[in-house]
There are 2 protein chains.
Amino acid sequence: MLGNPTRDRLAERREASRREIVNAAWSIAREDGLAAVTLREVAARVGMRAPSLYTHFESRNAIFDAMFAQAWRDLIEHMEAGIREASTMSLRDFLKWNSRTFFEFCVSDPPRAQLMNQRTIPGFEPTPEAYAPSLAAWQRFREELVPYGVTRTEDIDLYTALLGGLIDAQLANDPGGDRWEKLLDRAVDMYVDGLDLP
Amino acid sequence: MLGNPTRDRLAERREASRREIVNAAWSIAREDGLAAVTLREVAARVGMRAPSLYTHFESRNAIFDAMFAQAWRDLIEHMEAGIREASTMSLRDFLKWNSRTFFEFCVSDPPRAQLMNQRTIPGFEPTPEAYAPSLAAWQRFREELVPYGVTRTEDIDLYTALLGGLIDAQLANDPGGDRWEKLLDRAVDMYVDGLDLP
DNA sequence: CGCATAATCCTAACTGTGTTAGGAAATCCT
DNA sequence: AGGATTTCCTAACACAGTTAGGATTATGCG
């Protein structure tokens with residue numbers, strides 16, 4: 001069997017359409033917020049009519065699902081692109097890098113951050129499949145902390161809550177500004193100083 | 001002038017209707033979430049039809065506005081009901097009480113907490129009037145910290161972000177549980193230890 | 001008490017949004 | 001080329017927020 005070039009062509013075409021639709025949704029979200037991502041608007045952007053989107057996605061939420069998964073995959077990529085050898089950094093420096101990198105990823109695209117971390121879309125709940133990259137990111141982060149002796153779930157819970165709180169506050173109260181960004185290093189110092197490590 | 005008892009009667013009747021509508025909205029929210037607060041459902045609960053609600057509220061968002069203001073007023077009351085003489089408590093103890101009280105207020109009614117602190121309703125933005133109790137609560141908290149020498153905005157910002165992050169995480173990931181509740185005292189200790197006080 | 005006015009409620013209709021169903025057009029495969 | 005599959009369209013539906021016009025009820029005044 002030489003394979004099915006035509007089948008690949010079909011799959012690629014299908015994937016291209018889905019990507020085009022998701023990209024249109026991101027564009028709308030960035031312009032007018034997640035709520036403005038209506039099927040009619042998305043369809044118009046890709047030169048279709050709303051019901052035609054159902055050929056490619058099961059529902060409006062399915063589009064958000066794809067966006068959710070993509071956002072988390074982008075974050076993973078983003079973190080890996082800037083990764084440095086964890087073993088050559090102190091825990092403090094690592095967390096300062098990690099917190100700043102994640103913070104900037106979020107504030108650079110508020111609708112994306114909202115989709116990833118907040119519940120701004122009524123009725124939308126990521127499917128287990130879309131949630132996988134999110135879990136992967138969390139798992140990855142957890143593994144990166146092991147060499148530092150940070151292994152307890154509550155330690156990680158506290159860190160993520162702290163960082164999440166700073167990001168949410170920044171996005172909600174000072175969009176485009178740096179009021180909570182300025183607190184990042186201090187927050188990390190506070191956190192690391194409070195760790196009970198062996 | 002002896003006043004206008006009939007005018008008061010009218011105002012009271014009007015206020016009673018508004019209260020009944022807002023209460024119906026809270027009931028729906030607690031049962032099925034904020035998104036389920038539709039005008040048709042609210043109206044049905046108070047024995048009306050949806051368009052009739054416009055006699056009492058300018059819009060659906062106006063109902064949310066009233067709910068928002070009420071939630072924050074309730075919080076103020078709640079905090080005052082449990083208030084103890086701040087001057088007789090250490091900062092640490094005060095913040096442990098404050099964080100726990102606020103945390104419990106939030107987790108005891110998730111839709112209320114979401115309305116107060118998150119953006120789960122597309123298009124809803126509290127009016128300055130409704131926002132006033134929220135500002136008052138923040139101002140009040142700020143004043144309570146002064147005797148402890150905590151006066152810098154960034155100190156308060158860090159605390160509220162930390163507490164907000166814990167609450168959001170609890171509500172989103174462990175509703176009804178105590179995974180992040182367990183971290184409260186530790187978080188406060190971490191915070192207080194990291195304060196740079198004179 | 002009766003009448004006028006204001007308040008309160010209803011119905012019909014409109015616009016917008018997500019979705020379904022049936023069918024036409026385009027593309028792919030043999 | 002013909003058949004099957006994919007992709008798109010239109011019409012229609014249900015639901016939600018809202019407006020407009022009118023009916024009903026409550027209030028105020030002489």
Side-chain angles (χ1 to χ4, degrees), chain A residues 1-22 24-25 28-29 31-67 120-125 127, chain B residues 1-22 24-25 28-29 31-67 120-125 127:
Chain A
M1 287 292 181
L2 297 183
N4 288 323
T6 322
R7 274 221 181 270
D8 286 345
R9 177 180 168 78
L10 194 60
E12 285 167 17
R13 184 152 164 273
R14 183 172 180 71
E15 178 55 35
S17 293
R18 286 175 64 96
R19 203 181 309 119
E20 192 182 357
I21 290 166
V22 170
I28 299 164
E31 288 170 30
D32 300 305
L34 287 165
V37 179
T38 65
L39 295 187
R40 284 168 172 81
E41 183 61 38
V42 172
R45 299 253 178 147
V46 300
M48 285 191 211
R49 291 315 189 103
S52 306
L53 296 177
Y54 288 88
T55 312
H56 305 277
F57 289 92
E58 191 176 299
S59 64
R60 180 184 186 241
N61 277 348
I63 298 178
F64 284 128
D65 215 48
M67 292 165 77
T120 49
I121 305 165
F124 173 63
E125 191 86 22
T127 58
Chain B
M1 286 294 182
L2 297 182
N4 289 322
T6 322
R7 272 219 183 274
D8 285 345
R9 178 180 169 75
L10 192 59
E12 284 167 18
R13 185 152 164 272
R14 181 170 181 72
E15 179 53 36
S17 294
R18 286 175 64 97
R19 202 181 311 120
E20 193 183 357
I21 291 165
V22 170
I28 299 164
E31 288 169 30
D32 299 306
L34 286 164
V37 179
T38 66
L39 294 186
R40 285 168 170 79
E41 183 62 37
V42 172
R45 300 259 178 140
V46 299
M48 285 190 211
R49 291 314 190 102
S52 306
L53 297 176
Y54 288 87
T55 312
H56 305 276
F57 289 92
E58 192 176 299
S59 64
R60 181 182 185 244
N61 278 347
I63 298 179
F64 285 128
D65 216 47
M67 292 166 76
T120 49
I121 305 165
F124 172 62
E125 190 86 20
T127 58

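Any value given below was found using the heavy atoms of this structure, including those in side chains, with hydrogens, waters and symmetry copies removed.
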Please classify the nucleic acid contact of B/S59 as base, sugar-phosphate, or nothing, using heavy-atom distances under 4.0 Å. sugar-phosphate
Working for side chain to side chain contact (heavy atoms under 4.5 Å, CB included), residues B/F57 and B/D65: CA-CA 10 Å; B/F57 289 92; B/D65 216 47; over 6 Å; no
Using a cutoff of under 3.5 Å, can you pull out all pairs of nitrogen or oxygen atoms linking the protein to nucleotides 10-13 of chain C, with atom names and distances?
from, atom 1, to, atom 2, distance (Å)
C/dC10, OP2, B/R49, N, 2.8
C/dC10, OP2, B/S52, OG, 2.5

Of B/Y54 and B/R13, whose nearest nucleotide on DNA chain D comes first from the 5' end? B/Y54
Below 4.0 Å: OP1/OP2 of D/dT6 and any side-chain N or O of A/H56: no
Can you tell me how far C1' of C/dA7 sits from CG of B/L53, to the nearest Å? 15 Å
Separation of C/dG18 atom C1' from A/N61 atom CG, nearest Å, is 10 Å
First locate atom CD of B/E41, then atom CZ of B/R45, and finally report the distance between them rounded to the nearest 0.5 Å. 4.5 Å
Under the side chain to side chain contact (heavy atoms under 4.5 Å, CB included) criterion, do B/I63 and B/L39 qualify, and how do the steps go? CA-CA 10 Å; B/I63 298 179; B/L39 294 186; 3.9 Å; yes
Length of the line joining B/E58:CD and D/dA20:C1', which is rounded to integer Å: 16 Å
What's the shortest heavy-atom distance between B/A24 and B/V46, and which atoms? CB-CG1, 3.8 Å
Proximal nucleotide (of D/dT18, D/dT7, D/dA16) relative to the B/R60 side chain: D/dT18
Nearest-Å distance for atom pair CD/P, residues B/E15 and C/dT8: 12 Å
Euclidean distance, B/R60 CZ relative to B/L53 CG, rounded to 0.5 Å: 11.5 Å
Rounding to an integer number of Å, can you tell me how far B/I121 CD1 sits from D/dA16 P? 16 Å
Measure the OG1-CD1 distance between B/T120 and A/I121 for me, rounded to the nearest 0.5 Å. 12.0 Å
The reported gap from NE2 in B/H56 to CE in B/M48 (rounded to nearest 0.5 angstrom) is 4.0 Å
Length of the line joining A/F64:CZ and C/dT17:P, which is rounded to integer Å: 13 Å
Rounding to a whole Å, what distance do you find between A/L39:CG and D/dC9:P? 13 Å
Distance, rounded to the nearest Å, where A/R14 contributes CZ and C/dA26 contributes P: 20 Å
